Colleague: 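Encoded as structure tokens, here's the structure I'll be asking about.
All residue numbers refer to positions in the sequence shown, counting from 1. Keep in mind that this is a model prediction, so the values were computed, not measured. In listed order, ligands and their atoms are each counted from 1.
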Amino acid sequence: MKLWAAPQQPLPWAAAFTRWATNSPVAASGLALVLVALVATLDQATGYELRFAILYLVPIALATWAGGLRAGVAIVAVSSLFWLVSFGSTHPYKGDFFFYWEGVAMVVIDIAFVLLLARLRFALTRADERFVRVLEELHAAVYVADQDSGRILYANRSLARMIDTDPRTLSAEDLGKRFGLGEVTTESVLGEHKELIDAEFVSREVRDPMSGRWYQVQVVPIPWKSSRSVSVQVITDISEKKRAKALKQQHQDMLHQTARLAALAEIATSLAHEVNQPLMAIASYNDACLRLLAAPVFDKAQVVTALQRSREQALRAGRIIGRVRDFIRSKRPSPTHFDINALVRESLELLENQLEDSAVTAELSLSEGLPMTHADRTLLIQVIVNLVQNAIDAMDKSPPSSRRLGVSTAKAADGAIVVSIADQGEGIPEAISVRLYTPLFSTKSHGLGLGLSICRSVLEAHGGRIWHSTNPDGGCTFHFTLPPEID
Ligand code: ADP
């Protein structure tokens with residue numbers, strides 16, 4: 001099996017001749033015989049004055065290359081016979097010994113030549129076969145394409161399996177389109193530096209629209225005798241890897257969600273337990289008051305005492321709630337100095353997977369020269385993550401082409417830093433607009449309704465604020481401010 005099919009451009013004559021000889025061993029051996037006869041005739045015609053016998057090496061080489069060791073040895077035998085028969089009677093040597101000596105030396109040299117050439121050919125074929133075998137056994141699909149002629153020069157078995165078609169029936173353009181290689185051509189890889197032979201692989205992840213599977217496509221231009229636009233493409237199925245990554249992310253999200261729910265449940269249970277007692281006491285004092293007031297004659301002092309005790313219990317309930325609030329707030333922010341643009345980038349990196357899986361493109365427009373800010377980085381990352389996550393959820397039903405997220409930073413007239421997160425989602429209906437920041441308000445089946453209220457608490461604790469607006473071309477934008485660092 002040959003590894004490379006010939007490129008379309010005309011080959012140099014020597015290469016074409018070698019190819020012909022390799023592919024037609026019988027015809028090549030026939031030609032070798034004709035050449036032997038020609039050399040013998042020339043020798044005979046010139047009376048062995050010019051000693052053409054050295055030219056027997058040409059047909060011997062041809063026969064060995066085309067037909068292997070046996071064909072080479074056969075041509076050596078035929079040429080030696082010609083030499084022996086025709087030169088035997090006319091040789092100029094004084095004795096026959098010298099004639100036979102020359103004959104033996106010639107045969108030994110010819111056989112050594114045949115052995116060397118046959119060995120070389122064998123080694124080349126073996127190397128070629130081993131290389132092809134490695135490529136054929138690869139799990140990844142590999143093909144070589146000539147961008148100029150659009151021809152697939154080589155494709156391994158995995159490619160046929162992957163696309164469920166014989167790749168030879170397709171053009172480089174067809175395959176390029178299918179695997180999103182439109183812009184990854186040799187030209188784009190090398191740019192103006194076509195002389196670079198060791199160009200690096202260009203790699204990208206693409207989704208095959210026909211099978212829905214994910215592939216990593218790597219392209220590298222390779223030097224090719226007669227064409228400058230030949231490249232090797234290696235396509236690896238990474239669907240399982242992607243799925244495992246998504247599953248891991250899902251587990252992390254679930255853990256996160258469960259931890260939040262567990263914390264909430266704990267707070268709610270202890271609150272219910274502690275507040276229940278004073279509430280029950282208030283109810284009993286109220287009952288007592290009602291009973292006293294129902295009697296035609298009652299002791300005013302008793303009613304006052306009951307009402308005072310009821311008031312004390314109500315204050316106690318208030319203190320319990322205050323304690324819980326203090327406990328939650330006791331996790332004070334630990335502010336540091338940082339650049340808001342770096343924080344925005346860091347937050348988006350955390351959401352890289354979700355953005356990619358939801359086919360949302362993030363467009364950043366970060367103002368240069370913003371003042372540093374002084375805030376709790378972790379809490380602010382949580383704010384940005386919440387807002388971006390909401391934006392991703394809001395664009396869930398939008399067509400993929402309009403799932404664009406715009407994140408910008410700017411400086412307001414009063415010097416405050418403004419961060420805006422815009423989406424192209426479903427927008428916010430007027431009716432619910434005022435309730436968004438209320439704890440536990442959510443329109444999502446899986447929502448907790450705590451995101452925006454937490455964002456507001458965090459920002460207000462830092463001296464900032466949060467609000468939202470409707471985009472003229474659909475979707476909405478959440479804005480928040482942070483005071484600049486004061487020197
Ligand atoms: P959750 O995300 O758990 O529902 P949030 O407090 O973060 O809680 O959001 C409250 C509600 O605000 C959401 O359920 C949704 O209805 C609405 N909302 C938030 N962000 C957006 C947005 N970018 N586009 C449309 N609606 C939004």
Colleague: Looking at Phe441, I'd like to know if the NZ or CZ of Arg435 sits under 6.0 Å from its six-membered ring centre while staying within 45 degrees of the ring's axis.
Modeller: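 Output no; distance or angle outside limits.
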Colleague: Compute the shortest N/O to N/O distance between Ala394 and ligand 1 and return yes if it is under 3.5 Å, no if not.
Modeller: no
Colleague: Considering Asp423, Asn386, Leu436, Thr470, which one's heavy-atom position lies nearest to atom 23 (N) of ligand 1?
Modeller: Asp423
Colleague: Taking the six-membered ring for Trp, are His468 and Tyr437 ring centroids under 6.0 Å apart?
Modeller: yes
Colleague: Atoms of ligand 1 less than 4.0 Å from Gly427 heavy atoms?
Modeller: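 Selected atoms, number and element: 25 (C).
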Colleague: Are any non-hydrogen side-chain atoms of Val144 and Ile152 less than 4.5 angstrom apart?
Modeller: no
Colleague: With a heavy-atom distance limit of 4.0 Å, tell me whether Ile428 approaches ligand 1 through its side chain, its backbone, both, or neither.
Modeller: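 Side chain only.
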Colleague: Minimum distance, heavy atoms only, to atom 20 (N) of ligand 1: which one of Thr438, Leu387, Asn390 is it?
Modeller: Asn390
Colleague: Within ligand 1, which atoms have a heavy atom of Leu452 less than 4.0 Å away?
Modeller: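 Ligand 1 atoms under the 4.0 Å threshold to Leu452: 5 (P), 6 (O), 7 (O), 9 (O), 12 (O), 19 (C).
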Colleague: Using the rule side chain to side chain donor-acceptor pair (under 3.5 Å), only one of Arg213, Arg161, Lys242 pairs with Asp237; which is it?
Modeller: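 Checked Arg213, Arg161, Lys242 against Asp237; only one passes side chain to side chain donor-acceptor pair (under 3.5 Å): Arg213.
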Colleague: Kindly say whether Thr409 contributes a backbone atom to a donor-acceptor pair with the side chain of Ser367 at under 3.5 angstrom?
Modeller: yes
Colleague: Please compare Cys455, Gly449, Cys476, Gly451 and report which has the shortest non-hydrogen distance to atom 1 (P) of ligand 1.
Modeller: Gly449
Colleague: Only heavy atoms of Phe478, strictly under 4.0 Å: list the atoms of ligand 1 that pass.
Modeller: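 Those atoms are 20 (N), 21 (C), 22 (C), 23 (N).
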Colleague: By number and element, which atoms of ligand 1 are closer than 4.0 Å to a non-hydrogen atom of Phe441?
Modeller: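 Counting from 1, the qualifying ligand atoms are 10 (C).
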Colleague: Of all the heavy-atom pairs spanning Thr22 and Thr18, show the shortest one and how long it is.
Modeller: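 It is OG1-O, 2.6 Å.
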Colleague: Contact between Tyr437 and ligand 1, counting heavy atoms under 4.0 Å?
Modeller: no
Colleague: Using distance alone, decide if ligand 1 has a nitrogen or oxygen within less than 3.5 Å of any nitrogen or oxygen in Glu426.
Modeller: no
Colleague: Inspect the surroundings of CD in Gln277 and state if more than 12 heavy atoms from other residues, nucleotides or ligands are less than 6.0 Å away.
Modeller: no
Colleague: Would a distance-only check, ignoring hydrogens and angles, find a side-chain to backbone donor-acceptor pair under 3.5 Å from Ser402 to Gln424?
Modeller: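 It does not hold such a pair.
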Colleague: What atoms of ligand 1 come within less than 4.0 Å of a heavy atom belonging to Thr443?
Modeller: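 Ligand 1 atoms under the 4.0 Å threshold to Thr443: 13 (C), 14 (O), 15 (C), 16 (O).
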